[in-house]
Amino acid sequence: MTEDLVDRIYEAAFVPDLWPDVFDRLSELSNSAGGGMGLFDDRLDPMLIASDLVRPILEGISAEGGFKSSSVSQLLLTLPPPSEFVYDEDYFPKEALENNRTRLDRTLPLGIGGEVGTFIPLPTGEVLLFTMERWLTNDRPSRDELDQLNRMRPHLARAGLIGARQRLERARATTTALAAIGLPAAVMTSRGRVLATNQLLDALPLVFVPTARDGLALADAKANKLFQQAIASGTGDAASGRSVPIAPSENSEAMIVHLIPLRRLAHELLSGADILIAATALNPTNLVPSPTIPTGLFDLSPAEARLAAALASGDSLGVAATSANITYRTASTYLGRIFDKTGTRHQAQLVALLKGAYVPVAPSKGE
């Protein structure tokens, strides 16, 4: 059984769906109730995989943000890492376990008591946690049960490292694929940390500027304000998508930077990243855009998009207001919102942006 289990562990490193079976086998080996694995990284939400009994517990804790606020989770990052599997009562301070809401609210009602675990700091910066839950009726593990788990520990550590690397490589693979079709791209977390960029984005240092803590900014101050607002909104603009225009400069052409939310399977496949950043160049045209284009790109309301399209066709604000059967004051209000959403300051800038020929207007003193 041991040899077969080792093979299964290394197989799971490349096929994550096999991890629950690994934890079921580890439970049988160590007389445990179930087990799980957590990959913790301050850039991402935890990656959690567990056996059927334990999975709902971990998913519930994660959904409530418990791993970020749990005193036990925080202790994992401050206490010296054990070199083997240890029983929680022999490792954590007594008061930390007594106040552990997870144990009181989630595991005790299932007949689960303590846990045996080990955590492994990885050279990539993540912390890998393996834990085996114990039945209340067989809480404290025997020395032989600990030894059985410890014999698997080196294999679990190596397999976990492979999984962590694959997690980031999937993000890099996506940005590389976008480079192949000519799109500068990056993948980021909702906290604004960059996980991967491609060579096309790296070749635009006068447009995209690295910041502290693996962040990313736009060199254009006006555009960057919209960009950072979209990222910081978390469940707002970045979650629903946002497009930010960048004015041309002496060294770069006009561009639109798109913030594309990564949800569900895309979120899982791209290593837990939350946002895909992709940039497209603007090509000058005399064509007037359909109202659906600014609606989709810049999150304009239908009324705002119709007004923008009318202005792009050459109408004055007054004529556009009359055509839309709204007052001039209402049209002025819409125009102000359009300026905010598109990062423009003047009507001429807006029209040039919508036609793909965004020519910046020199800012007045004090701007």
**Prompt:** What distance separates Asp24 CG from Ser32 OG, expressed to the nearest 0.5 Å?
**Reply:** 11.0 Å

**Message:** Checking the side chain of Trp19 only, and the main-chain atoms of Ala12 only, is there a donor and an acceptor separated by less than 3.5 Å?
**Reply:** yes

**Message:** Could you measure the distance from the CD1 atom of Ile9 to the CG atom of Asp4? Nearest 0.5 Å is fine.
**Reply:** 10.0 Å

**Asked** Applying the side chain to side chain contact (heavy atoms under 4.5 Å, CB included) test to Met188, which of Leu195, Ile231, Thr197, Asp274 qualifies?
**Response** Ile231

**Message:** Would you compute the distance between atom CG of Leu108 and atom CD1 of Ile112 and round it to the nearest 0.5 angstrom?
**Reply:** 9.0 Å

**Complete:** Output for pair (Glu89 CD, Arg140 CZ), nearest 0.5 Å, gives 6.0 Å

**Prompt:** How far apart are the closest heavy atoms of Met255 and Pro184, and which atoms are they?
**Reply:** CE-CG, 4.4 Å

**Message:** Using side-chain heavy atoms (C-beta onward) and a distance below 4.5 Å, is Leu262 in contact with Ile275?
**Reply:** no

**Request:** Measure the shortest side-chain to side-chain distance between Asp147 and Phe85 over non-hydrogen atoms and say whether it is less than 4.5 angstrom.
**Result:** no

**Request:** State, to 0.1 Å, how close Ala320 and Ala310 come at their nearest heavy-atom pair, and which atoms those are.
**Result:** CB-CB, 3.9 Å

**Message:** Contact between Gln148 and Leu26 at the side-chain level, heavy atoms closer than 4.5 Å - yes or no?
**Reply:** no

**Request:** Determine whether the side chains of Tyr10 and Arg158 contain a donor N or O and an acceptor N or O closer than 3.5 Å.
**Result:** yes

**Item:** For the student: nearest non-hydrogen atoms of Thr327 and Ala321, plus distance
**Value:** O-CB, 3.9 Å

**Message:** Using 30° and 60° as the class boundaries, would you call the ring planes of Phe130 and Phe23 parallel, tilted or perpendicular?
**Reply:** tilted

**Complete:** On a heavy-atom basis, the closest approach of Gly34 and Ser27 is CA-OG, 3.2 Å

**Asked** Side chain of Asn224, backbone of Ala219: donor and acceptor closer than 3.5 Å?
**Response** no

**Message:** Check this for me, if you would: do Glu145 and Arg134 make a salt bridge, where the nitrogen-to-carboxylate-oxygen distance has to be below 4.0 angstrom?
**Reply:** yes

**Asked** Which value, rounded to the nearest 0.5 Å, describes the distance between Thr131 atom OG1 and Met37 atom CE?
**Response** 12.5 Å

**Asked** Of the non-hydrogen atoms in Pro16 and Pro20, which two are nearest, and what is the gap between them?
**Response** O-CD, 3.9 Å

**Request:** Run the numbers on Asp17 and Ile49 for side-chain contact (heavy atoms from CB on, under 4.5 Å), then give the verdict.
**Result:** CA-CA 9 Å; Asp17 288 346; Ile49 305 176; over 6 Å; no

**Asked** With a 4.5 Å limit on heavy-atom distance, are the side chains of Ile120 and Val127 in contact?
**Response** no

**Asked** Heavy-atom count around Arg329 CZ within 6.0 Å, excluding the residue itself: above 12?
**Response** no

**Asked** Does a side-chain heavy-atom distance below 4.5 Å link Leu200 with Leu183?
**Response** no

**Message:** Does Asn325 have more than 12 heavy atoms from other residues, nucleotides or ligands lying within 6.0 Å of its CG?
**Reply:** no

**Message:** So does Gly35 get a backbone contact from the side chain of Ser51, meaning a donor-acceptor N/O pair under 3.5 Å?
**Reply:** yes

**Asked** Between Asp88 and Glu115, is there a donor-acceptor pair closer than 3.5 Å when you use the side chain of the first and the backbone of the second?
**Response** yes

**Asked** Nearest heavy-atom pair of Phe227 and Leu216: which atoms, and what distance?
**Response** CE2-O, 3.5 Å

**Asked** Run the salt bridge (charged side-chain N to carboxylate O under 4.0 Å, His left out) check on Arg337 and Asp340 step by step: do they pass?
**Response** CA-CA 5 Å; Arg337 293 176 186 166; Asp340 288 339; over 6 Å; no

**Request:** Would you indicate whether the side-chain heavy atoms of Leu335 and Leu317 approach each other to under 4.5 Å?
**Result:** yes

**Asked** So do the side chains of Val86 and Thr118 get within less than 4.5 Å of each other, counting heavy atoms only?
**Response** no

**Prompt:** With distance as the sole criterion, is a donor-acceptor pair present between the side chains of Thr330 and Thr333 under 3.5 Å?
**Reply:** no

**side-chain contact (heavy atoms from CB on, under 4.5 Å) between Leu350 and Leu311, worked out** = CA-CA 9 Å; Leu350 174 65; Leu311 295 175; 4.2 Å; yes

**Message:** Working note: Tyr87 + Asp139, criterion side-chain contact (heavy atoms from CB on, under 4.5 Å); need CA distance, chi angles, decisive distance, verdict.
**Reply:** CA-CA 9 Å; Tyr87 182 51; Asp139 202 336; 2.8 Å; yes

**Fill in**
Rounded to the nearest 0.5 Å, the CG atom of Leu201 sits from the CZ atom of Phe208 at a distance of 4.5 Å

**Intermediate values then yes/no, side-chain contact (heavy atoms from CB on, under 4.5 Å), Val257 and Ile246** = CA-CA 7 Å; Val257 176; Ile246 301 177; 3.4 Å; yes

**Asked** Tyr328 and Ile326: same hydrophobic cluster, using ILVMFWY side-chain contacts below 4.5 Å?
**Response** yes

**Prompt:** In terms of side-chain geometry, is the basic nitrogen of Asp21 or Arg25 positioned less than 4.0 Å from the acidic oxygen of its partner?
**Reply:** yes

**Request:** Check whether any side-chain heavy atom of Leu149 lies under 4.5 Å from a side-chain heavy atom of Met132, and answer yes or no.
**Result:** yes

